[in-house]
Amino acid sequence: MGGSGWRSPRPEAEPQLSQRVRPAGDPLRRALELVGDQWTLLILQSLFLRFRRYEELRLRLGISPTALSGRLRDMVDAGMLVRVPYRDARRTRHEYRLTERGLELWPLLISIWAWEREWVDGRREVLPTLIHLDCELATSAPLGCGACGRRVDARDVRAERLDSTGVAAATASKRFRRKDAEGLAGDPLMFFPDTMELLGDRWSTGLLVSALLGARHFSEFERELGIGPSVLSGRLSKLVEVGVLRTGVAKTRTDARDYRMTAKGLAFFPALAFIAEWSRGFEVTGQEPDITLHHVECGNRLRPMLLCDHCGRPLTRKSVQFGGVPTPKR
């Protein structure tokens, strides 16, 4: 398991697909509505850095009171946060603390950091390194299989879906716009430019999930998402522009071109794997997950974890820390 970084996925590979019957409920949709939202991710990051009070979060993020209150309320309702009272000079107030359910999302934030640092131009120079305290070396935190302990990427996974009704219902409903991040752009630790194009936009997230599940043609994306042609064309163009999709000549009569995941696009798979795993916490007794990921090599359900690419040990929240944090430009 040695090496300085995890291997780049082959652009031609997509997870294989099979189908079953869907029961009532949609845990993946609920998970994506929560964490497939850039403000929620930024709030999560701030909470992990121990910014817990409402005014601290508002000033750190430059977020409107309405947006902040709404996100915090949703996170409390989902069991990710708990409100804890404290007393200031004048009255009793509340701060927000991560529950165990919220703490389970730390690998998602690490995966986003790793992807931005590896695949987004200029990010390696400004983002901090991640130190594995067990071996005291910087790690790129590659994805691993919890069953066999080996590294995993998108080409090693088979995705099993419950049905063929499409993925439109399993997409985020909130839109995080570029202008919303203008106040964060000067701080590289608070600004995730390419991640913002993939998470936080309901159609882009749906397109990414569909592409990872094997959709390639315009008509397939249209059918999967129930999306209008002009909106679909715009979102596909944006994903091509940021380098997660590439175009080619289609071999069908109905489509002039196809869209394939690039290495950069497939490298975002760990983030989606952690979201899919986290969504299982919303399942009711006897309910099957919307999408089940299987590690082809060992034959077990993929239980994603992060590994150290030097010593090969699993990373835990308490066994890593960031080092070499750059000074934000003002």
Distance-minimising heavy-atom pair for [X] and [Y]:
X: Met305; Y: Gly146; value: SD-CA, 3.9 Å
X: Leu266; Y: Ala154; value: CD2-CB, 3.7 Å
X: His294; Y: Thr292; value: NE2-CG2, 3.5 Å
X: Ala211; Y: Leu245; value: CB-CD2, 4.1 Å
X: Leu306; Y: Ser111; value: CD2-OG, 3.9 Å

Please assess Leu130 against Ser140 for the test side-chain contact (heavy atoms from CB on, under 4.5 Å), listing each intermediate value before the final yes or no.
CA-CA 7 Å; Leu130 186 70; Ser140 62; over 6 Å; no
Do the side chains of [X] and [Y] get close enough for a salt bridge, i.e. N-O under 4.0 angstrom?
X: Arg83; Y: Glu95; answer: no
X: Asp258; Y: Arg260; answer: yes
X: Arg151; Y: Asp156; answer: no
X: Arg124; Y: Glu118; answer: yes
X: Arg155; Y: Asp153; answer: yes
X: Glu241; Y: Lys238; answer: yes
X: Glu277; Y: Arg301; answer: yes

So, the side chain of [X] versus the backbone of [Y]: is there a donor-acceptor pair under 3.5 Å, distance only?
X: Glu56; Y: Arg53; result: yes
X: Thr99; Y: Met80; result: yes
X: Ser233; Y: Ser230; result: no
X: Glu220; Y: His217; result: yes
X: Lys264; Y: Val242; result: yes
X: Ser319; Y: Thr316; result: yes
X: Trp113; Y: Leu127; result: no
X: Ser46; Y: Leu42; result: yes
X: Gln45; Y: Leu109; result: no
X: Tyr259; Y: Phe221; result: no

Do [X] and [Y] come within less than 4.5 Å of each other through their side chains, counting heavy atoms only?
X: Pro304; Y: Pro107; answer: no
X: Tyr96; Y: Val76; answer: yes
X: Ile110; Y: Phe322; answer: yes
X: Leu41; Y: Ile112; answer: yes
X: Leu198; Y: Trp115; answer: yes
X: Val84; Y: His94; answer: no
X: Leu293; Y: Arg158; answer: no
X: Phe48; Y: Leu103; answer: yes

Is there a donor-acceptor contact under 3.5 Å linking the side chains of Thr92 and Arg87?
yes
Could you tell me which residues satisfy side chain to side chain donor-acceptor pair (under 3.5 Å) with Glu55, sequence neighbours excluded, listed by chain and number?
Arg58
By side chain to side chain donor-acceptor pair (under 3.5 Å), Asp134 pairs with (sequence neighbours left out) His132
Proximity of Phe268 and Trp119 rings by center, below 6.0 Å:
no
Measure the CZ-CG distance between Arg101 and Leu105 for me, rounded to the nearest 0.5 Å.
7.0 Å
Take atom CG of Asp121 as the centre, draw a 6.0 Å sphere, and report whether it contains more than 12 heavy atoms from other residues, nucleotides or ligands.
no
Results of side-chain contact (heavy atoms from CB on, under 4.5 Å) for Ala138 - residues two or more places apart only
Thr129, Ile131
Treat each ILVMFWY residue as a node, draw an edge where side-chain heavy atoms are under 4.5 Å apart, and state whether [X] and [Y] are in one component.
X: Leu133; Y: Leu49; answer: no
X: Leu315; Y: Leu137; answer: no
X: Leu28; Y: Leu213; answer: yes

Less than 6.0 angstrom from the centroid, inside 45 degrees of the normal: does Arg60 satisfy that with respect to the ring of Phe51?
yes
Take Leu108 and Trp278 through the test side-chain contact (heavy atoms from CB on, under 4.5 Å) and record every step on the way to the result.
CA-CA 9 Å; Leu108 170 63; Trp278 188 75; over 6 Å; no
Applying side-chain contact (heavy atoms from CB on, under 4.5 Å) to Met75 and Leu47, what does each step give before you reach the verdict?
CA-CA 12 Å; Met75 295 167 77; Leu47 289 165; 4.2 Å; yes
